[in-house]
Protein chains: 2
Amino acid sequence: MDVDQVPAKPTDAEAGRPTLKTIAFMTGLGVTTVSRALKDAPEIGLETRKRVQLVAQQVGYRPNRAGVRLRTGKTNVISLVLDTQEQVGSFVSDIVYGVSEHIAQTPYHLIITPYARDKDPMEPVRYVVETGSADGIIISRTVPNDPRVRYLAERGFPFATHGRTQQNAHHPFHDFDNSAFARLAVRRLAEIGRKRLALLAPAASLTYSQHTRDGFAEALAEAGLAEAPFSGVTADTSLDEIRAATIELMRREKRPDGIVSSSGGASFALVAGLEAAGFSLGQDIDIVSKQSFGLLPLFRRHIHVVNEDFRLAGRELARAVLGAIDSAPLESLQSLVVPSDVVSPQR
Amino acid sequence: MDVDQVPAKPTDAEAGRPTLKTIAFMTGLGVTTVSRALKDAPEIGLETRKRVQLVAQQVGYRPNRAGVRLRTGKTNVISLVLDTQEQVGSFVSDIVYGVSEHIAQTPYHLIITPYARDKDPMEPVRYVVETGSADGIIISRTVPNDPRVRYLAERGFPFATHGRTQQNAHHPFHDFDNSAFARLAVRRLAEIGRKRLALLAPAASLTYSQHTRDGFAEALAEAGLAEAPFSGVTADTSLDEIRAATIELMRREKRPDGIVSSSGGASFALVAGLEAAGFSLGQDIDIVSKQSFGLLPLFRRHIHVVNEDFRLAGRELARAVLGAIDSAPLESLQSLVVPSDVVSPQR
DNA sequence: TTCGACATCTGTAACGTTTCAAATTCGCTT
DNA sequence: AAGCGAATTTGAAACGTTACAGATGTCGAA
């Protein structure tokens, strides 16, 4: 039976990593002076500051995160709260990349805090706040009256939301104008002569679902078109169910001749469904779908798409939380991407 | 001009978060005793241990990560190193979810460390090791003689690779048997009477590209089929280029009547290309493709697929690094998923 | 020559944790 | 009755950082 002979982790100094003490020794100064000099504090002589900074730079000094965090409470971490039940072809990688990209030039690290959609969405947020494990949070799948937003706002914890809420005016966010998307989509379908449209909307509870439906209804009225109700399914529904529901939809007497789809992934199932029901895309019916990958036009030549850039969203969200952390003016932390056109197949 | 009146972050105690001191006070014990009691150290009286644990549990004590980290060097963080230039429909989200899922039941946090494929892949790894910002690393896109593996192994830094290397025998990994995939694919194509096959392989430098090509060549020989060389493109190539190259490929005299594709995303472009060249999938040619989303069969009914589960990969990788961290036996930290069948369209 | 004002610099303490060496208690042995 | 050892418990120190309150030195004014 052998004893755990774990070779205890070396301290920074032991590992040859320079600390303030190292630099203090090298420069012959006190630790305090070095600390302040590295922050360019004015009460340190200019020459001393330069000298310290030079040495620090030469020896590759990096502040020990644990030290800073323990002393100041600043974690230099931002937490991205993610729903782990995201649908196929989800945008997640791109958001993550976008956030990383922005954050790369800062001392911040990105940590992923997962939760299951069907569990309590407050859980991860509470965890981060209660344990103080990050300086800021990014949340998505916002609902109009979002308890997470209330919770975070009440405590003054810096955050940014992907999607708007009713409390919009008071917190940083980034959003895609889904209302505009739906209007563009409906108008395009109207232009090509479609008369009765269905909408595959996002999960009803989410804020942007309402936006989408509003834009859809508005443009429908404006163009004088009819709606073919497509209930029971949302962009969160499984592909199999969407396919089945689409078959059912197309067999109705008042079937649609146009569909607006909020989800690129779901559009695959939509098309599969309508083809299974014996209809032909571009012939009997047209679809305008949002997409974030470029895959839909390869999928079916006739599909119309509106692109949503999630990497950009990630970048904006990162900018927003960081801004929130050092209390930048709110207006600069809110952004909305308005889609400007539908990409339609060549004639 | 207003002074920065930042309301300095409260300490744990100030914020009402219990610390060891709090519990020590409540129980009337010393801080040391409390610390040890919480770890169930045998030298603390049984009753005391129980008592301390009860109180800790009641007040919701959570060890301060910065404190632990500063004192012990243990970060309770694992770093997932990601290539931010990943192709469309990348597997990234699923890996992230898989890792999160496994890690959720542990004190570990997941941090994403990004890098650009065309920059130095050593950079992120060096960063993590030098700054000691994690207890373990997961890397992917491994090459046979991977400098990152050498670097990490030399320093005894715990890690796991997604994909194997030449130093296989000496480090934890998780991999999908791409050689088996290629063999299955070729055999299926042979079964349905295809004679000349092309392979869309992963980027040549990656270990699993070699595996794929080996399996492909082997099964080709075994079945007595010919190869239509498909050079210049890999699974990393842009979809546009793949599409163009496929058109070119199909216009050759010795065009393939079967393609094995290592990437679900790329298969979209493959199909688009061959259709643009005037050929018909399932008629003139068949494709067997790996996929991680379920989208391909919806895309074209005739496509044959082999599923690769990246969420599982994430879980296994997490298990592997954690194992590496507390020096579990190597064998238990290596796993290989062998695909067992090709899912072909209904007749 | 002394003194204060200013510019620079510095030691100490503290953040929350764990480790080390030592202290205390208690029951037994002799 | 004294001493010993085992079982428990403990304070002090340290990890690397920053804030606070002082210390030191310089220089010009009186």
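Note on naming: letters A, B, ... go to the chains in the order of the sequence lines (proteins, then strands), and numbering restarts at 1 for each one.
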Worksheet item: Can you give the first and last nucleotides of DNA chain D, 5' to 3', that have an atom under 4.0 Å from a heavy atom of chain A?
Response: D:dC15 to D:dC20
Discussion item. Going by the rule side-chain contact (heavy atoms from CB on, under 4.5 Å), which residues pair with A:E43 if we only count those two or more places apart in sequence or in a different chain?
Written reply: A:R36, A:A41
Worksheet item: Whole Å only: how far is the CD atom of A:E47 from the P atom of C:dA7?
Response: 18 Å
Worksheet entry | salt bridge (Lys or Arg N to Asp or Glu O under 4.0 Å) pairs, two or more places apart, involving residues 14-24 of chain A | A:D12-A:R17
Item to complete: Return the orientation label for the A:H162 and A:F310 ring planes: parallel under 30°, perpendicular over 60°, tilted otherwise.
Response: perpendicular
Discussion item. With a 3.5 Å distance limit and no angle check, can you tell me whether A:T207 reaches the backbone of A:T165 through a side-chain donor-acceptor pair?
Written reply: no
Fill in: Residues which pass ring pair (Phe, Tyr, Trp, His ring centres under 6.0 Å) with B:Y127, listed by chain and number, not counting sequence neighbours
A:H109
Worksheet entry | Smallest separation among heavy atoms of A:A66 and A:N64, with atom names | N-OD1, 2.8 Å
Item to complete: Just jot down the ring pair (Phe, Tyr, Trp, His ring centres under 6.0 Å) partners of A:H102, sequence neighbours excluded, or say none.
Response: none
Fill in: Side chain A:T33, main chain A:L29, donor-acceptor under 3.5 Å
no
Response to the item:
Numerically ordered, the residues 57-73 of chain A set in heavy-atom contact under 4.0 Å with DNA chain C is A:L70, A:R71
Worksheet item: Base, sugar-phosphate alone, or nothing: which one does A:T32 contact when heavy atoms must sit under 4.0 Å apart?
Response: base
Discussion item. Under a 3.5 Å distance rule, please check whether A:T84 uses its side chain to pair with a backbone N or O of A:Y115 as donor and acceptor.
Written reply: yes
Discussion item. What's A:T33 touching, base or sugar-phosphate or nothing? Going by heavy atoms closer than 4.0 Å.
Written reply: base
Which donor-acceptor pairs under 3.5 Å do the side chains of residues 50-58 of chain B make with protein atoms, sequence neighbours left out?
{"unit_1": "B:R51", "atom_1": "NH1", "unit_2": "B:T27", "atom_2": "O", "d": "3.4"}
{"unit_1": "B:Q53", "atom_1": "NE2", "unit_2": "B:A37", "atom_2": "O", "d": "3.1"}
{"unit_1": "B:Q53", "atom_1": "NE2", "unit_2": "B:D40", "atom_2": "OD1", "d": "3.2"}

Discussion item. Please list, in numerical order, the residues of residues 19-27 of chain A that have a heavy atom closer than 4.0 Å to any atom of DNA chain C.
Written reply: none
Fill in: Test side chain to side chain donor-acceptor pair (under 3.5 Å) applied to A:T106 - qualifying residues, sequence neighbours left out
none
Worksheet item: In residues 34-45 of chain A, which ones come under 4.0 Å of DNA chain D, going by heavy atoms?
Response: A:S35, A:K39
Would you be so kind as to tabulate the donor-acceptor pairs closer than 3.5 Å made by side chains of residues 73-80 of chain A, with sequence neighbours excluded?
{"unit_1": "A:K74", "atom_1": "NZ", "unit_2": "A:Y108", "atom_2": "OH", "d": "2.5"}
{"unit_1": "A:T75", "atom_1": "OG1", "unit_2": "A:V77", "atom_2": "N", "d": "3.2"}
{"unit_1": "A:T75", "atom_1": "OG1", "unit_2": "A:D135", "atom_2": "N", "d": "3.1"}
{"unit_1": "A:T75", "atom_1": "OG1", "unit_2": "A:D135", "atom_2": "OD1", "d": "2.8"}
{"unit_1": "A:T75", "atom_1": "OG1", "unit_2": "A:D135", "atom_2": "OD2", "d": "3.3"}
{"unit_1": "A:S79", "atom_1": "OG", "unit_2": "A:T113", "atom_2": "OG1", "d": "2.8"}

Worksheet entry | A:F25: partners by side-chain contact (heavy atoms from CB on, under 4.5 Å), with sequence neighbours left out | none
